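Data first, discussion second: the structure below is written as structure tokens.
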Amino acid sequence: MSKFVKNIITEDLRKRLTGVENALLVNLVGMQVNDSNKLRASLAEKGVRVMVIKNSLAARATAGTSLEAAFSGLTGTAALCWGASDIVSLAKEVVKVTKEKQFQKFSIIGGVLDGEAFDAKQAVEISKWPTREEQIAILLGQITGVGSKLSSQLLAGGANIASQIKQRWDSEEEETPAE
């Protein structure tokens with residue numbers, strides 16, 4: 001491949017990967033074409049993109065970005081997966097696919113999170129973390145939980161007094177004969 005063609009491909013890859021900060025590297029070697037297409041389609045439905053990239057071109061295209069660590073020292077064939085709402089959602093989807101019998105040759109090689117590379121075991125651990133949406137829900141629950149508890153404690157005292165006054169009122173009405 002000529003240097004001119006390499007530069008064109010590198011620039012195209014750089015444009016495609018603009019804004020991508022977290023990704024997984026996966027292995028598609030040994031998969032049938034139909035299985036690979038089904039895999040790509042099922043991941044695309046969930047917002048995950050898969051692209052097979054030549055390692056040397058990917059290393060050139062990602063130089064100076066947070067994805068650079070993923071391709072340093074990488075040997076063999078790899079495909080890049082990115083997308084979903086965050087790295088945890090991406091890892092959950094990819095790990096789920098690796099467990100399917102139809103895609104048993106599909107495997108995780110590693111990935112990059114905030115500019116730091118990680119291996120396949122760490123990708124499985126990341127898939128067990130709560131997603132961004134789950135973390136927001138947990139945080140909101142913790143914030144609103146304190147307010148609702150405080151509110152119920154403040155209202156409980158007044159409700160108890162009102163209940164005692166009503167009971168006293170009802171007991172006095174029962175004692176007083178009707179005229």
Side-chain angles (χ1 to χ4, degrees), residues 1-33 35-140 142:
M1 186 179 315
S2 70
K3 189 173 184 176
F4 178 74
V5 173
K6 285 182 182 180
N7 288 336
I8 291 174
I9 293 172
T10 301
E11 283 304 312
D12 182 56
L13 288 174
R14 192 171 289 135
K15 286 178 186 175
R16 286 184 184 191
L17 298 175
T18 299
V20 177
E21 296 184 14
N22 304 314
L24 291 176
L25 290 171
V26 295
N27 186 8
L28 298 172
V29 174
M31 289 185 69
Q32 298 292 323
V33 174
D35 291 340
S36 176
N37 288 338
K38 287 178 187 175
L39 170 75
R40 289 171 185 252
S42 69
L43 288 174
E45 288 175 4
K46 296 167 184 153
V48 177
R49 298 187 61 192
V50 179
M51 181 175 28
V52 178
I53 306 174
K54 186 175 179 183
N55 295 343
S56 60
L57 292 177
R60 287 177 61 180
T62 59
T65 67
S66 62
L67 295 177
E68 181 177 20
F71 295 101
S72 63
L74 182 65
T75 58
T77 306
L80 187 68
C81 286
W82 75 94
S85 61
D86 60 350
I87 187 68
V88 178
S89 300
L90 175 65
K92 284 180 190 262
E93 293 301 329
V94 172
V95 167
K96 189 186 321 178
V97 170
T98 60
K99 293 178 182 177
E100 292 181 23
K101 191 170 188 170
Q102 180 181 11
F103 306 121
Q104 61 186 355
K105 296 201 178 195
F106 178 73
S107 62
I108 300 173
I109 297 172
V112 63
L113 171 64
D114 294 332
E116 294 187 30
F118 58 85
D119 61 9
K121 286 182 181 180
Q122 290 170 320
V124 173
E125 290 175 21
I126 289 172
S127 72
K128 296 175 184 173
W129 294 354
T131 63
R132 182 177 185 275
E133 291 80 15
E134 292 169 345
Q135 290 175 354
I136 289 171
I138 290 168
L139 182 62
L140 286 175
Q142 291 173 344

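Because the structure is predicted, anything quoted here is derived from the model rather than measured.
No side-chain heavy atom of T98 sits less than 4.5 Å from a side-chain heavy atom of V124. Residues M51 and L13 meet the side-chain proximity criterion, which asks for heavy atoms closer than 4.5 Å. In this structure, the side chains of N22 and L90 stay at 4.5 Å or more apart for every pair of heavy atoms. With contacts defined as side-chain heavy-atom distances shorter than 4.5 Å, the pair K38/F103 qualifies. You'll find the side chain of W129 stays beyond 4.5 Å of the side chain of E134, heavy atoms only. Here the side chains of L74 and I109 are in contact, with some heavy-atom distance below 4.5 Å. Side-chain contact between L24 and V48 is absent, with no heavy-atom pair separated by less than 4.5 Å. Between L28 and F106, some side-chain heavy-atom pair lies under the 4.5 Å cut-off.
Atom CD1 in I9 sits 5.5 Å away from atom CG in L57 (nearest 0.5 Å). Atoms OG1 and NZ, on T10 and K3 in that order, are 11.0 Å from each other to the nearest 0.5 Å. Annotation: the span from L17 atom CG to D12 atom CG amounts to 9.0 Å, rounded to 0.5 Å. To the nearest 0.5 Å, the span separating OG on S36 from CE on M31 amounts to 5.5 Å. Rounding to the nearest 0.5 Å places CG of L25 at 11.5 Å from CG of D119. With values rounded to the nearest 0.5 angstrom, I53 atom CD1 is found 8.5 Å from R16 atom CZ.
Within a 6.0 Å sphere centred on NZ of K105, other residues, nucleotides and ligands contribute 12 heavy atoms or fewer. Enclosure of atom CD in E11 by more than 12 non-hydrogen atoms of other residues, nucleotides or ligands within 6.0 angstrom is indicated. Other residues, nucleotides and ligands contribute more than 12 heavy atoms inside 6.0 Å of the CZ atom of R40. More than 12 heavy atoms of other residues, nucleotides or ligands shown are found within 6.0 angstrom of CD on Q102.
Contact between T62 and L67 at its shortest, heavy atoms only, is CG2-CB, 3.8 Å. S127 and K92 make their closest contact through O-CG, 3.0 Å (heavy atoms, listed as atom of the first residue, atom of the second, distance). Of all heavy-atom pairs spanning N55 and G76, the tightest one is ND2-O, 2.5 Å. Nearest heavy-atom pair, F71 versus A58, reported as atom, atom and distance to 0.1 Å: CE2-CB, 3.5 Å. The two residues I126 and I87 make their nearest non-hydrogen contact at CG2-O, 4.3 Å. In this structure, G115 and A69 approach most closely via the heavy-atom pair O-CB, 3.4 Å.
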Audit row: K128, E125, salt bridge (Lys or Arg N to Asp or Glu O under 4.0 Å) steps and yes/no: CA-CA 5 Å; K128 296 175 184 173; E125 290 175 21; over 6 Å; no
Kindly determine whether D86 and S89 satisfy side-chain hydrogen bond (donor to acceptor under 3.5 Å, both in side chains), including the steps that lead there. CA-CA 5 Å; D86 60 350; S89 300; 2.6 Å; yes
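Proximity of a side-chain donor or acceptor of R14 to a complementary backbone N or O of A63 within less than 3.5 Å is not detected.
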